[in-house]
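We use all heavy atoms of the structure for the numbers below, so side chains are in, but hydrogens, waters and symmetry mates are not.
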Amino acid sequence: MPELSTRFDFKKVESFWCKYWEDNNIFHGQVHPDKKSYSIVIPPPNVTGILHMGHALNNTLQDIIIRYKRMQGFETCWMPGTDHAGIATQNVVEKKLAKEDKTRYDVGREEMLKQLWAWKKEYGDTIINQLKKLGASCDWSRTRFTMDDQYSEAVRLVFVKLYEKGLIYKGKYIINWCPRCQTALSDEEAEHKDHQGSLYYIKYPIKDAQTNGLQFLTVATTRPETMLGDTAVAVNPNDERYKNVLGRTLILPLMEREIKVISDDFVKPEFGTGAVKVTPAHDPNDFAMGQRHQLEFLNVMHPDGKMNELAGEFSGIDRFEAREAILDALEERKLLEKVEQHAHAVGHCYRCHTVVEPYLSKQWFVKMRPLAEPAVQVVKEGKVKFHPERWTKVYLNWMENIRDWCISRQIWWGHRIPVWYCQDCPQDQNIIVSVKAPAKCPQCQSTNLIQDEDVLDTWFSSWLWPFATFGWPENKADVNFFYPTSSLFTASEIIFFWVARMVMAGLEFIGDIPFEDVYIHGTVRDSKGIKMSKSLGNAIDPLEIIGEYGADALRFSLIINSGQDLYISKEKFEVGRNFANKIWNASRLVLMNISLEERNIDLTKDVDTTQLDLASKWIISKFYITLKKIDLAIEKYRFSEAENLIYEFFWHNYCDWYLEIIKNKFDDPNIQKVAFAILENFIRITHPFMPFVTEEIWKNLSVKEGALAIQAWPDLKKELIDEKSSEQMQTVIELITQIRNIKAQWNIKPQQKIDLAFSSTKKENWLTDNEDILKKIGNIDIVSYQEQLDIKEAATGLVEQVKFAIPLGSLIDIEQEKKRIIIQKDQHTKNCVSLEKRLGNQKFLDKAPEAVVAKEKERLVTLKDKIKELETVIQNIG
RNA sequence: GGGCGGUUAGCUCAGUUGGUUAGAGUGUCACGUUGACAUCGUGAAGGUCACAAGUUCGAGUCUUGUACCGCCCACCA
């Protein structure tokens, strides 16, 4: 056996196994006639940058379940890949250009795309490498990108299908416009943030107002600059205050344009003045009113946020400067009645955080209602399940109020919209929608075609991820075998962006759900609770942790902290590092002490478990009890619980007790076998959580050739769970713990041997058989049994509960001990009273389960016994 | 405005259908190392389970309300 170092050297080990797994194609999944499939598609990380802690968490979770299922014999496939992330990636490359004082227009579309692809290559590769370092057991041969040729074809095909079904349309609507990115955004991409703004009250003069009548109609607005595009003022039809002005004409200040006063139910009389300016081209509500009342749509802004020529004297000024200028101008004309503080939500671009502008523009949309209905059904029927369950409601609520999806983006990085316009056909009849670029116009045969300049929303490709990655529509076999996928792991932020849309796409294009279980995990935050992000500078780089503590440590520590949101600081990773090291060293101990020829041990066949010592029976039982709980926890996606079980079992059962007990008994072949078999099985079940250290140990155990990653998950052998032995061992543990306590209290050094006498009435045979444990672990030298303990002699050491006495009178302070005993007696008496009260309650006897009542009764008896005993002791000591 | 989650030891969190004396990790303190591991071992201290009321024989757990923290959704200009 090779010399093993006393520290787990993760650096060497990790790179070795990464390479080994990949070179041997361990994680490749393929259609298999006799096996069930278990598949996961990775939430493809954006190629905008490198992986952060959130990715580490997300991918560790997936890796745990896929490794678990692989060991259970499923044909597994974990699909890796990356997302082109449209606007986000274009933004980072634009930022790079900006450092050279260039814009995308300076370099042109073609060159820009070249640079984008170069960026994608660099960061895409980095991301895949980082995933490998984390230990992710993806099927690397399948690595996909949302803009692969075949994938792009699927995207275009989907567009064509939806278009032909009438679910895609083009139209002029108010969309969220980012003046910096100069593109449309979907509703989900406009992040609303609370903003302490102002509400401006502006007086609109009434035309032909009577000198003694109302001269002005005052409206309230948060965006005065849009008033330049007003084409009406609306009041509620039931608002008595404005009955008289309804239908009259106002003079729009600054523009001196005539606009009408209209009535609309939308207007809430209690807000502001009850009169609202209507700007149909710059506000979604006003847009709707504009349509209802056939108003004019006046767009007063350029796409870059500057006022346009329709803004008169304000033309060319940026929207926010224009706001100030307009307010000044109004003030000058005494038309600004007042300004109030007003908190409201303002939309921001989710990528560059610029304030978005509701903007009238012609865009492509997907009609969502017909797609949403079946997607609501499958969740209601439980075919797609959320974990934790509460997210179901969030999903359904969004789905049931879904709005059409704006899918066109005025950027260059992405899937070009598969629409061509014939330049020789009349407008509105010149649209050609096609998967492949058409050579000529099907109507007029003209070759004078131009493709739509826009690209598709990045999510328009991501929503096909669960089947397009498996080769849809070409590769039917893979799709049939691996689709629907089994589970999806993601953060709550993208339930709407991605999860919901994948359900819709799966049902629409494949006719089946994309996944059965959706596991929503928490957000990774720093120790102050602030979301980790590169821009805030509070991020902990997973690679740094891997370098310092190891990938296993990173994985283990993240998962054990992953109940809800995670508050992470660097020290938290010590748990994982220490545990990996503990596993390593315990394995060393076992390996150094065994001389087994045959290492493939089956505990049911190769060991006569009935002849085993108490501790061995106990550790076997403990293992299988733990295994059962772990299986349950993983199936319920309770990974932190599973890790806790593993940690507790190994450290506090196997190492602290079992190995300590058997340390000097390694010459017993049965003990060797048990110690080895339990370690070997433990290594198997720990593998999904800590793949590297377990692979390395597995190699040293030399049970079998081949990677641990493809070994079988242990069967639950219920027949090896020996409850009696478990209980007895538990008593021994308690005994020893009690003695340790006493020693600590009495300032006796732990290693100092003491004598122990059992009262014979409480002596049990099994205990005499296990004196060796007491001697060795408890440092108890002589165990003697006496008919009747000399109470006086034993009094000072009498420790109820554990049913034994330590005659150590010379070593302890009798007065102090007396006090202790009296306090104890009082406490017991108190407990006794409350217990008697409870047991005297008829309702309790009637309603509580029998087992509870029986236990309570038993407890009362023991309590009374103890009190008596203590009383005698007190008497005896005087 | 609507919805969701949280509040348990100094810190980070478990606590599964209500059932003995509420647990762990970490930190603190004490003691300990003759060869698995100091990334270790043994032990101690530390909790009115946010607050209030209710249901119950019994509440950290269920109900209602309050406070604070966090998140998501929403077109009140």
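One atom, CZ of A:F650, and another, C1' of B:rC37, lie 10 Å apart when rounded to the nearest Å. Atom CG of A:N841 is separated from atom P of B:rC57 by 8 Å (rounded to the nearest Å). Taking atom NZ of residue A:K193 and atom P of nucleotide B:rC73, one finds them 12 Å apart after rounding to whole Å. Here the P atom of nucleotide B:rG58 and the CD atom of A:Q842 are 15 Å apart, to the nearest Å. For the pair A:K629 NZ and B:rA24 C1', the interatomic distance rounds to 14 Å; values are reported in whole Å. Between A:N644 atom CG and B:rG25 atom P there is a gap of 9 Å when expressed in whole angstrom units. What separates CG of A:L295 from P of B:rA77 is a distance of 20 Å, to the nearest Å. The nearest whole Å value for the distance from the CD atom in A:E574 to the P atom in B:rG25 is 15 Å.
Base pairing of B:rU66 is made with B:rA50, judged by Watson-Crick or G-U wobble geometry with both donor-acceptor distances under 3.5 Å. B:rU61: no Watson-Crick or G-U partner with both key distances under 3.5 Å is found in any strand. Both distances falling under 3.5 Å, in either a Watson-Crick or a G-U wobble arrangement, place B:rA44 opposite B:rU28. Remark: B:rU34 base-pairs with no nucleotide; criterion is Watson-Crick or G-U wobble with both hydrogen-bond distances under 3.5 Å. Pairing partner, B:rU21: none, since no Watson-Crick or wobble contact has both distances short of 3.5 Å. B:rG1 and B:rC73 make up a base pair, with Watson-Crick or G-U wobble contacts both under 3.5 Å.
For A:K636, whose side chain is taken as the heavy atoms from C-beta onward, the closest listed nucleotide among B:rU16, B:rA36, B:rG19 is B:rU16. Checking B:rC13, B:rC37, B:rU16 against every side-chain atom of A:Y567, the shortest atom distance belongs to B:rC13. For A:R588, the side-chain atoms get nearest to B:rA36 when compared with the rest of B:rA36, B:rU20, B:rA74. Of all nucleotides listed (B:rU20, B:rU56, B:rC37), B:rC37 comes nearest to the side chain of A:N581. In this structure, the nucleotide among B:rU39, B:rC57, B:rA77 sitting nearest to the side chain of A:V267 is B:rA77. The side chain of A:R577 lies closest to B:rU39 when the candidates are B:rC37, B:rG5, B:rU39. With B:rU39, B:rC57, B:rC72 as the candidates, the nucleotide lying closest to the side chain of A:K847 is B:rC57. In this structure, the nucleotide among B:rA77, B:rC4, B:rG25 sitting nearest to the side chain of A:R390 is B:rC4. Considering only side-chain atoms of A:V575, the nucleotide from B:rA74, B:rC37, B:rG25 that sits closest is B:rG25. Considering only side-chain atoms of A:K855, the nucleotide from B:rU20, B:rA77, B:rU16 that sits closest is B:rU20.
Of the two residues near RNA chain B, A:A345 and A:R838, the one whose nearest nucleotide lies more 5' is A:R838. Between A:R223 and A:L566, the residue whose closest nucleotide on RNA chain B is further toward the 5' end is A:L566.
Looking only at atom types and distance, the side chain of A:T226 has a donor-acceptor partner in the side chain of A:K277 under 3.5 Å away. A donor and an acceptor atom, one from each side chain of A:E648 and A:N644, are nowhere located under 3.5 Å apart. Looking at A:N841 and A:R838, their side chains never bring a donor and an acceptor atom within 3.5 Å of each other.
Classification of A:E643 and A:R555 as a salt-bridged pair fails, no side-chain N sitting under 4.0 Å from a carboxylate O.
Going from the C1' atom of B:rG25 to that of B:rG18 covers 27 Å, rounded to whole Å. A distance of about 12 Å separates the C1' atoms of B:rU12 and B:rU8, rounded to the whole Å. The gap from the C1' atom of B:rG60 to that of B:rC49 amounts to 5 Å, rounded to the nearest Å. Look at the P atom in both B:rU42 and B:rG27: the space between them is 15 Å, to the nearest Å. B:rC62 sits 12 Å from B:rU17 when the C1' atoms are compared, rounded to a whole Å.
In this structure, A:R7 does not reach the B:rA36 phosphate: none of its side-chain N or O atoms is under 4.0 Å from OP1 or OP2. The shortest distance between the side-chain N/O atoms of A:W651 and the OP1/OP2 oxygens of B:rG41 is below 4.0 Å. Remark: A:R638 is not in phosphate contact with B:rA14, judged by side-chain N or O atoms under 4.0 Å from OP1 or OP2. Between A:K393 and the phosphate of B:rC4, there is a side-chain N or O to OP1/OP2 separation shorter than 4.0 Å. Within the 4.0 Å cut-off from OP1 or OP2 of B:rC57, at least one side-chain nitrogen or oxygen of A:K843 is found. For the pair A:N285 and B:rC76, the criterion of a side-chain N or O lying under 4.0 Å from OP1 or OP2 is not met. OP1 or OP2 of B:rA77 lies within a sub-4.0 Å distance of a side-chain N or O belonging to A:H342.
For A:F287 and A:F297, the ring centers sit closer than 6.0 Å to each other. Taking the six-membered ring for Trp and the full ring otherwise, A:F386 and A:W391 have centroids separated by 6.0 Å or more. Between A:H521 and A:Y637, the gap from one ring centroid to the other reaches at least 6.0 Å.
Within the nucleic acid shown, A:P849 comes within 4.0 Å of at least one base atom, counting heavy atoms only. Using a 4.0 Å heavy-atom distance criterion, A:T523 is classed as making no nucleic acid contact. In this structure, A:H192 reaches neither bases nor backbone, as no heavy-atom distance under 4.0 Å exists between it and the strands shown. As judged by a 4.0 angstrom heavy-atom cut-off over every strand, A:F579 is placed among residues making no nucleic acid contact. Among the protein residues, A:H282 comes within range of no part of the nucleic acid, since none of its heavy atoms lies under 4.0 Å from any strand. Residue A:E571 is out of contact with every strand shown, counting any heavy-atom pair closer than 4.0 Å. Heavy atoms of A:D656 sit under 4.0 angstrom from primed sugar atoms or phosphate atoms, though from no base atom.
Taking only distance into account, the side chain of A:E648 never meets the base of B:rA14 through a donor-acceptor pair shorter than 3.5 Å. Side chain A:K582 to base B:rC37: a donor-acceptor pair is found below 3.5 Å.
Shown are A:Y549, A:W584, A:F556; of these, the ring-ring contact (aromatic ring centres under 6.0 Å, His included) with A:F579 is made only by A:F556.
Looking at A:D187, its side chain never comes within 3.5 Å of a backbone N or O of A:W405 through a donor-acceptor pair.
Relative ring orientation between A:F682 and A:F649 is described as tilted, the plane-to-plane angle lying within the 30° to 60° band.
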